[in-house]
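In listed order, ligands and their atoms are each counted from 1. Just so it is clear, the structure is predicted and the values come from calculations on it, not from any experiment.
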Amino acid sequence: MPAFTAAAPGKIILFGEHAVVYGRPAIAIPVQAVQARAVVQADVNAPRGSVRLISPLIDLDSPADALPPQHPLRRAVELTAQAVGASRIPACRIRIQSSIPVAGGMGSGAAVSIALMRALSAYLGKPLIADQVSALAFEVEKIHHGSPSGIDNTVIAFETAVVYTRGAPIQPLPLRLPLHLLIADSGIPSPTAQTVGEVRAGWQEHPEPYERLFDAIAAIVHQAVQILQQPAEPATAAPEGLLPYHTLGDLMNQNHALLCELGVSSAELDALTDAARSAGAFGAKLSGGGRGGNVIALAEPSAVEAIGRALQNAGAKRVIYTPVG
Ligand code: PMV
């Protein structure tokens, strides 16, 4: 019996995190440089219904039904079996691997769920489409985050840049302006459920200033959408060709400042954004839930190396360079 393999990319939020939980739009893009991968192999020696989950990354090797009912991988298996109408599935082993930083704001949880759902549904003879895996992964995201906006599962399942608004149909964002992004992992886990909870508590106590911050973030997202859809100038090195990058960089800096006001940055993330800017980045901001996780910086191709070094000197544990668009 052949093995069924599927992968799913990581993601970053370019603009709009946190405000997206409150109905404002956000821009997210898939990052193919990091991936989660699932391999499903039939287990001819085990009884029907037996599913063994193996994930060296989290030191897991266990029958799915021996895990707690709310374990994200067990839920992902059960939701997939339900979606394809399989009550007792032919015995199998599911091996999960991932190069996406865990709790780094790069969608590791959603990518693992989606890779698993794709591989398992193919093994069961009914491969699920993007819409279906996105909806199922959203259910698993609730275990991780409590009240997720749905942005992670959407951008990862559809593998396209999106302008995401909670509850609205998915809006792909064709990126006509090529971007050179550096993603710097602070090495500090991003406690997304905690930062989302703190913002909610603040908003419940003083809704007005929070609504103003969310509106200011939404205005940045709208401007960024316009710029990202502009075709690139033929000679991007000419000063007028760089103008959209300077504007986007400014918008990233402004978005970061608003996230600081929301209270979701940290000294470590601020040090990384400062270092990227001092080394010549057009702009930089935290990406995702904040406090820990990743910072992203927009660079000119010739400055990528210097900015990468500066980020490492400022404490980044890993820097990923990703050209987009
Ligand atoms: O999963 P993370 O850390 O990339 O954060 C998701 C972005 C938030 O807007 C903070 C939460 C959400 O559900 O949209």
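Annotation: atom 12 (C) of ligand 1 to nearest protein heavy atom, S149 OG, 3.3 Å. Residue, atom and distance of the protein heavy atom nearest to atom 3 (O) of ligand 1 are T192 OG1, 2.7 Å. Looking only at heavy atoms of the protein, atom 9 (O) of ligand 1 is closest to H18 N, 2.9 Å. At the top of the distance list for atom 4 (O) of ligand 1, counting protein heavy atoms only, stands K11 NZ, 2.6 Å. At the top of the distance list for atom 5 (O) of ligand 1, counting protein heavy atoms only, stands G289 N, 3.3 Å. Nearest protein neighbour of atom 7 (C) of ligand 1, counting heavy atoms only, is I13 CD1, 3.5 Å.
What you find for I100 and A36 is that their closest heavy atoms are CD1-N, 3.7 Å.
Ligand 1 is never approached by M106 to a heavy-atom distance shorter than 4.0 Å.
In the vicinity of I151, heavy-atom distances shorter than 4.0 Å reach the ligand 1 atoms 14 (O).
Between R52 and D43, none of the side-chain N atoms (NZ, or NE/NH1/NH2) sits under 4.0 Å from a carboxylate O, so this pair counts as no salt bridge.
No side-chain N or O of Q97 forms a donor-acceptor pair with one of Q35 less than 3.5 Å apart.
Every N/O-N/O distance between E17 and ligand 1 stays at or above 3.5 Å.
For CD of Q32, the number of neighbouring non-hydrogen atoms (other residues, nucleotides, ligands) closer than 6.0 Å is greater than 12.
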